[in-house]
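To start, the structure under review is shown below, and the notes come after it.
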Amino acid sequence: MDLKERIRRRQHSGEESRVVLDYDAISPVAHVEEPTGRGPVLERLLDYLEPVFDGGLPPNAYVWGPSGAGKSAVVTALFEHLSRLLSGGGTVIHTTTRAQSRPTPSFVYVDARRADTDVGLYHAVLDGLTEGSVPKHGVGTETMRSRLAERLAPAEASAVVAVDHVGEPGTVAPGDLAGTLDVAGDSLARVAVGRSPPGELAEGASPPEHIRVPPYEDHTLVDVLTNRVSEGLARGTVEHEQTRRLAAWANGDAHDALAGLFGAADVAVAERHDRIYERDLEAGMEGVPRPSVSTGRVLTLPENRQRVLRRLVDLDSEALRSVDAATEAIAASPGIDLSAATIKRFLYELAEDGITERVASPRATEGVGRPPSRIEPLFPTIVFRRLYDLRHG
DNA sequence: GATCCACGGGAATACACGGATG
DNA sequence: CATCCGTGTATTCCCGTGGATC
């Protein structure tokens, strides 16, 4: 950094950056109301859901596609609109001239990352189906199960339940979903959303209907980015060429592309730049491992695990050298009241779950005993740091 | 009183290495 | 030379406990 730069920083140090207007708008975990460039997939889903417009239920389905293909974006947007337009309010609306006008089903979207146990699933579905609040504790699994069954027991009651992110480490497997949610006979249709190709599902675990969500084409991904940029960043802060670079680099993965953009913008802010420069873009992409764990997965981890990860992303390579060193550094950092034993266990478990990676030390000459392993984050670090801080004041 | 879940904590096991053993 | 053994770490595993909630 030269003197001119130093002085320039001081000059601007009192000013707010004008690069980012709204972090949520460029966040890889936020979804927009109208997904860009996923028209054909929406059509497929609407075809599949056709029976609901006559008050019926579609068969169970499996929506699948690679990371960052817009599965969650499309399903959340669609379910949001459907429940608002169809079952919303439960009043009138159904003044159709159709022969047999049955009430349309309810639409419930469940994130399996949040509902990661049987009780959790029952709770989430029941919550989406019920007006008031649903007890989270003190009620046994079986009780919740029968409450859900009761809720869907009346002849006219039915629901389409989308369960997103099935088959990830820590979430329900697509094959187990049937066993868990088969509580209400044929008044509940399941839409599992996951990454594994249907062929890889366990024997007999594949629903009758499959809907594939292909990865984004580069030019479509550019559109996605451009739309987000226009919502979240100040005019003229990103060049078109830069969005093209991001799209090409992300290889069709909208999550990664947005994470890179978000990171670049955040770096630009930190550097007090007036727009995203090349080095900001580089740094932004640098902050996204390839392949990357979804930011959403990290942000739905239990609070204390996120707290540990938040400290982890601030550690230097010296502290990341071993699990022990990282544990020590984290335990010593402010705002951590977990015991060292617990922090260490978290670090091992996070690595086991694929959130981080333990890299075995290549040389084992130093000292005796089993050599330690280095820790590397496998999630978008800059994005996580910013979003975590925004959520925690 | 019941239920679920995250924590703590420590026991059990795995691994790496050098040196002893067969 | 192939194995086994002891020592020192690293890693995994598991269960009791306590808070929060109903």
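So you know, we letter chains A, B, ... as the sequences are listed, proteins then strands, and number each from 1. In what follows, every heavy atom counts, from backbone to side chain, and hydrogens, waters and symmetry copies are set aside.
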(request) Tell me whether the guanidinium CZ or amine NZ of A:Arg305 lies under 6.0 angstrom from the six-membered ring centre of A:Phe346 and within 45° of its axis. (result) yes

Whole-Å distance, A:Phe346 CZ to B:dC5 P, equals 15 Å

From CZ of A:Arg114 across to P of B:dA6 the rounded distance in Å is 14 Å

If only side-chain N and O atoms of A:Thr342 are considered, is one of them under 4.0 Å from the OP1 or OP2 phosphate oxygen of B:dG9? no

- Task: Quick one: label A:Glu303 by what it contacts on the DNA or RNA (base, sugar-phosphate, nothing), any heavy atom closer than 4.0 Å.
- Result: nothing

Atom NE2 of A:His137 and atom C1' of B:dC5 are separated, to the nearest Å, by 7 Å

d(A:Arg44 CZ, A:Leu49 CG) to nearest 0.5 Å is 10.5 Å

From NZ of A:Lys344 across to C1' of C:dC13 the rounded distance in Å is 15 Å

Would one find a side-chain N or O of A:Tyr348 under 4.0 angstrom from OP1 or OP2 of C:dT12?
-> no

From CD of A:Glu349 across to P of C:dA10 the rounded distance in Å is 18 Å

- Task: Would you tell me if any nitrogen or oxygen in the side chain of A:Ser373 comes within less than 4.0 Å of OP1 or OP2 on C:dT11?
- Result: yes

Of B:dG8, B:dA16, B:dC5, the nucleotide closest to the side chain of A:Pro371 is B:dA16

TODO: Find out whether the Lys NZ or Arg CZ of A:Arg38 is both under 6.0 angstrom from the six-membered ring centre of A:Tyr216 and within 45° of the ring's axis.
DONE: yes

Note to self: If you compare every side-chain N and O of A:Thr117 against the phosphate oxygens of B:dC5 (OP1, OP2), does one of them come in below 4.0 Å?
What the structure shows: yes

(request) Would you classify A:Asp337 as touching base, sugar-phosphate or nothing, given that sugar-phosphate means primed atoms plus P, OP1 and OP2, and contacts are heavy atoms under 4.0 Å? (result) sugar-phosphate

Separation of C:dA10 atom P from A:Leu347 atom CG, nearest Å, is 13 Å

Winner on side-chain proximity to A:Pro302, out of B:dG8, B:dA6, C:dA20, is B:dA6

Is A:Arg305 close enough to B:dC5 that one of its side-chain N or O atoms is under 4.0 Å from OP1 or OP2 there?
no

With heavy-atom distances below 4.5 Å as the criterion, would you say the side chains of A:Phe53 and A:Leu82 are in contact? yes

- Under 30°, 30 to 60°, or over 60°: which ring-plane class applies to A:Phe379 and A:Phe384, parallel, tilted or perpendicular? perpendicular

Note to self: On the side chain of A:Arg345, is there an atom forming a donor-acceptor pair with the base of B:dG8 - under 3.5 Å, no angle test?
What the structure shows: yes

In whole angstroms, the gap separating P of B:dA6 from CZ of A:Arg307 amounts to 14 Å

Whole-Å distance, A:Arg370 CZ to B:dG18 P, equals 16 Å

